Amino acid sequence: MSKAKIMKFSEKKLKSTLFIIGMLFLPILNFFVFYVYVNFNSVLMAFQVNIGNVTKWGLDNFSTMFTEFSLSGGVLGVALKNTFFYFFTSLLITLPLSFFLSYFLYKKIAFYRVFRVIFYLPNIISASVLVALFKYFIATNGPVAFIGEKLGLGALPPLLMMSETATKVIVFYCIFFGLGGNLILFSGAMSNIDSGIVEAGKIDGAGIFTEMFRLVVPLIWPTLSTIIIFQFIGIFNASGPILLFGGGQFDTWTISYWIYDKVTFGNTLNYPAAVGLFFSAVGAPIALLARWALTKFFDYE
């Protein structure tokens, strides 16, 4: 190879290398600044307490957290209870409902295309609009109250202004409007099922439930197990649109919203950082255990 060709090749390689570096520079910088630095700094803040202009290091934030957990009716205790309520509702109600609806849409029931649009529509409408409409429907002077009075059921109480019902109403909202995302994932996975397998099952006498649980579930297991694992990964982030429903009033706090409220409106960083670090430390092994269990006992591959 001549010297001119070597120089030309080297120049081309240099330009290619500089182009790659230029394209990757901003994403890498973003990763180190907004992920590595922010998370590392939040870990440090968890062990700091600011007293005037003096920063004290120690476990005071964690001690305060456990003390608050021990208080009857404490905000953190209520937030944790609500967080588990959202998590188990999503795992045991929303997820199975999404699967069943996806299955019947996959079987192309009458008007299945219309139902697919109806179920997915809330995902493309602004959450603030949906919440406003929902609050109007269940208001004491809204359509639900009007129908109830006509049926002789009496006046409808202010459901979102009562600690006994506020969280339950928001959870119902999350179930009712939270089917679309999983519906798309399940429908996409089911559409890739070989029709010959289903036909062979029918020839062997497989009924609707046999087909659903012994054919469809194993064939879409990678998608289903991934969704379940993501549920466990976000176990302490389980929440609803709390801010739009009143910002934690009437005992509607969750752990994630409590941290957001403290940081955004309370101008407090160290204590929420400690709470976040604690639940991250607890949530990580739970997610790993869930992944191990799904792989160990439900391996359809």
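Computed from a predicted model, the values in this text were never measured in an experiment.
The distance from the CG atom of Leu183 to the OG atom of Ser102 is 4.0 Å, given to the nearest 0.5 Å. Between Thr89 atom OG1 and Phe84 atom CZ the span is 12.5 Å, to the nearest 0.5 Å. Rounding to the nearest 0.5 Å places CG of Leu160 at 4.0 Å from CD1 of Ile138. In this structure, Met65 CE and Leu59 CG are separated by 10.0 Å, a value rounded to the nearest 0.5 Å. Once rounded to the nearest 0.5 Å, the distance linking OH of Tyr106 with CD1 of Ile193 reads 4.5 Å. Atom CE of Met190 is separated from atom OH of Tyr103 by 8.5 Å, given to the nearest 0.5 angstrom.
Proximity of Phe115 to Leu101: side-chain heavy atoms (C-beta onward) are nowhere separated by under 4.5 Å. At a threshold of 4.5 Å between non-hydrogen side-chain atoms, the residues Phe177 and Ile125 do not count as touching. The shortest distance between side-chain heavy atoms of Leu97 and Ile175 falls below 4.5 Å. At least one side-chain heavy atom of Leu44 sits less than 4.5 Å from a side-chain heavy atom of Gln48. Using a 4.5 Å heavy-atom threshold, the side chains of Thr83 and Trp253 count as separate. In this structure, the side chains of Val263 and Leu269 come closer than 4.5 Å at one or more pairs of heavy atoms. Put simply, the side chain of Arg291 does not reach to within 4.5 Å of the side chain of Phe232, judged on heavy atoms. Two residues are said to be in side-chain contact when any heavy atoms from C-beta on lie closer than 4.5 Å; Leu130 and Tyr173 meet this criterion.
Shown here are the salt bridge (charged side-chain N to carboxylate O under 4.0 Å, His left out) partners of Lys81, two or more places apart in sequence or in another chain: there are none. In terms of the salt bridge (charged side-chain N to carboxylate O under 4.0 Å, His left out) criterion, residue partners of Asp60 (sequence neighbours excluded) are, by chain and number, Lys56.
Closest non-hydrogen pair, Tyr271 versus Asn61, comes out as CE1-O, 3.4 Å. Across all non-hydrogen atoms, the minimal contact from Thr67 to Ser63 is OG1-O, 2.8 Å. Taking each heavy atom of Thr252 and Gln249 in turn, the nearest pair found is OG1-O, 2.8 Å. Across all non-hydrogen atoms, the minimal contact from Asp251 to Thr167 is O-OG1, 3.1 Å. Considering every non-hydrogen atom in both Ile259 and Pro272, the closest pair reads CG2-CB, 4.1 Å. The two atoms that bring Gly240 and Cys174 nearest to each other are CA-SG, 3.7 Å, heavy atoms only.
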- Message: With ring-ring contact (aromatic ring centres under 6.0 Å, His included) as the criterion, how do Phe134 and Phe176 come out once you've worked through the C-alpha distance, each side chain's angles and the decisive distance to 0.1 Å?
- Response: CA-CA 11 Å; Phe134 184 77; Phe176 192 78; 7.7 Å; no
- Step-by-step side chain to side chain contact (heavy atoms under 4.5 Å, CB included) determination, Phe100 to Met212: CA-CA 9 Å; Phe100 286 124; Met212 186 185 301; 3.2 Å; yes
- Take Thr226 and Leu185 through the side chain to side chain contact (heavy atoms under 4.5 Å, CB included) test and state the conclusion after the steps. CA-CA 11 Å; Thr226 300; Leu185 295 174; over 6 Å; no
- Item | side chain to side chain donor-acceptor pair (under 3.5 Å) assessment of Thr254 paired with Asn82 | CA-CA 6 Å; Thr254 59; Asn82 289 341; over 6 Å; no
- Message: Between Ile233 and Phe230, is the side chain to side chain contact (heavy atoms under 4.5 Å, CB included) condition met? List the steps.
- Response: CA-CA 5 Å; Ile233 289 174; Phe230 274 119; 4.1 Å; yes
- Query: After noting the C-alpha distance and the side-chain angles of Val144 and Ile147, does the key distance pass the side chain to side chain contact (heavy atoms under 4.5 Å, CB included) rule?
  - Reply: CA-CA 5 Å; Val144 175; Ile147 294 172; 5.9 Å; no
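Under the 4.5 Å side-chain heavy-atom criterion for Ile, Leu, Val, Met, Phe, Trp and Tyr, Ile228 and Trp292 are members of the same hydrophobic cluster. In the hydrophobic clustering of this structure, Leu219 groups with Leu224; members are Ile, Leu, Val, Met, Phe, Trp, Tyr whose side-chain heavy atoms approach within less than 4.5 Å, directly or through other members. The hydrophobic clustering, which links ILVMFWY residues whose side-chain heavy atoms are closer than 4.5 Å, places Met45 and Trp57 together. Connection of Phe99 to Leu92 is established within a shared hydrophobic cluster, with ILVMFWY side chains joined at heavy-atom distances below 4.5 Å, either directly or through further cluster members. Residue Ile124 is grouped with residue Leu133 when hydrophobic side chains (ILVMFWY) are merged at heavy-atom distances under 4.5 angstrom, including chains of intermediate members.
At distances below 3.5 Å, at least one donor-acceptor pair connects side-chain atoms of Ser225 with backbone N or O atoms of Trp221. Put simply, the side chain of Lys202 never gets that close to the backbone of Val198: no donor and acceptor are under 3.5 Å apart.
Remark: Met162 CE is packed, more than 12 non-hydrogen atoms of other residues, nucleotides or ligands lying under 6.0 Å away.
Taking the six-membered ring where tryptophan is involved, the planes of Phe69 and Phe278 are tilted, since the angle between them lies from 30° to 60°. Taking the six-membered ring where the residue is Trp, Phe209 and Phe213 present parallel rings, their angle staying beneath 30° rather than reaching 60°. Ring orientation note: the planes of Tyr35 and Phe31 are close to parallel, at an angle under 30° on the 30°/60° scale. The aromatic rings of Phe279 and Phe236 are tilted relative to each other, their planes meeting at an angle between 30° and 60°.
The existence of a salt bridge linking Lys107 and Glu211 is confirmed by a sub-4.0 Å separation between a basic side-chain nitrogen and an acidic carboxylate oxygen.
Judged by distance alone, the side chains of Asn237 and Ser256 never bring a donor and an acceptor atom under 3.5 Å apart.
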